[in-house]
Student: 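What follows is a single structure, and I will ask about it in a moment.
We count residues from 1, following the sequence as given.
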Amino acid sequence: MRNRIIALSLSLAIIVTVFIAAFILAQEASAEQTGSFTGTWVASGKRQPFDFVEGREVGTFKLAGNVSLKDEFGGIEDFWAECVGLSDSLDGSSVRCVWRSLKGDKAYSVLSGQPLKEGVKVTGEFVGGTGRLKGVSGTFSFTWRSTFIDKDQDVFTGQTLDLNGAYRIP
């Protein structure tokens, strides 16, 4: 009888321990992550002018480069960003980007603002991701500074000033 009580107590202790561990893991898995960041983004690309209404500059562009972000705790993470966009001197820019971390996770963003040129304030929104960035949302902004390397070929390079934002990962 005594052995039965010990076995029953041991079984009950194991069940309670497993239940508590599962509960703790479920809480950790469902905890969302939020934060803010600052950083830099250096990119280069090529613009392709589009024949449109006289006096209105329209074109597509593709750019790629390094995004280096620093969170509020001093952690740094680098991404390779690739973007495609449409720029219109009257309506502004519409840009879609993929940021790939060195671990292969992706964050997707949509940028909007004035035409992409020197001194323009650009706003961005995270609209999803993959891996540990799955479901990422948030906003960011920066001021664009660019230089044309070859105006005849529409090749340019640029960087951000005051890149900052906030994110939420469910």
Student: May I ask you to test the E82-R100 pair for a side-chain heavy-atom distance under 4.5 Å?
Tutor: yes
Student: First locate atom CG of D105, then atom OG1 of T130, and finally report the distance between them rounded to the nearest 0.5 Å.
Tutor: 5.5 Å
Student: Hey, what else clusters with V98 if you join Ile, Leu, Val, Met, Phe, Trp, Tyr whenever side-chain heavy atoms sit under 4.5 Å?
Tutor: Y108, V110, V127
Student: For the residue pair R56 and D88, establish whether any side-chain heavy-atom pair is separated by less than 4.5 Å.
Tutor: yes
Student: Taking atom NZ as the centre, does K62 end up with more than 12 heavy-atom neighbours from other residues, nucleotides or ligands that are less than 6.0 angstrom away?
Tutor: no
Student: Quick one: side chain to side chain contact (heavy atoms under 4.5 Å, CB included) partners of Q153, sequence neighbours excluded?
Tutor: K46, D150, V155
Student: Side chains of L69 and F79: closer than 4.5 Å at any heavy-atom pair?
Tutor: yes
Student: Does Y167 reach the side chain of F140, with side-chain heavy atoms less than 4.5 Å apart?
Tutor: no
Student: A side-chain contact here means heavy atoms from C-beta on lying under 4.5 Å apart; do L133 and I169 qualify?
Tutor: yes
Student: Measure from the ring center of W41 to the ring center of W99 and say whether it is less than 6.0 Å.
Tutor: yes
Student: Any carboxylate oxygen within less than 4.0 angstrom of a Lys/Arg side-chain nitrogen, looking at D78 and K103?
Tutor: no
Student: Do NZ/NE/NH1/NH2 and the carboxylate oxygens of R145 and D162 come within less than 4.0 Å?
Tutor: no
Student: Rounded at 0.5 Å granularity, tell me how far OG in S137 sits from CZ in R168.
Tutor: 5.0 Å
Student: Hydrophobic clusters join Ile, Leu, Val, Met, Phe, Trp and Tyr when side-chain heavy atoms are under 4.5 Å apart, directly or via other members; which others share one with F52?
Tutor: F50, V53, V58, L86
Student: Would you mind checking if K70 and E77 are paired as a salt bridge, meaning a charged N to carboxylate O distance below 4.0 Å?
Tutor: no
Student: Could you check whether any side-chain heavy atom of N164 comes within less than 4.5 Å of a side-chain heavy atom of S141, counting everything from C-beta outward?
Tutor: yes
Student: Is it true that a side-chain atom of S146 and a backbone atom of G158 form a donor plus acceptor pair closer than 3.5 Å?
Tutor: no
Student: Would you say the side-chain atoms of T157 pair up with the backbone N or O of A43, donor to acceptor, closer than 3.5 Å?
Tutor: yes
Student: Determine whether V120 and F142 make a side-chain contact, defined as any pair of heavy atoms from C-beta on separated by less than 4.5 Å.
Tutor: no
Student: Counting distance only, does the side-chain N/O of T160 pair as donor-acceptor with the main-chain N or O of L163 below 3.5 Å?
Tutor: no
Student: Please report the interatomic distance OG1(T40) to CG(N66), rounded to the nearest 0.5 Å.
Tutor: 6.5 Å
Student: State the OG1-NZ distance between T143 and K121, to the nearest 0.5 angstrom.
Tutor: 4.0 Å
Student: Taking the side chain as every heavy atom from C-beta outward, state whether V95 and F61 have any pair of such atoms under 4.5 Å apart.
Tutor: yes
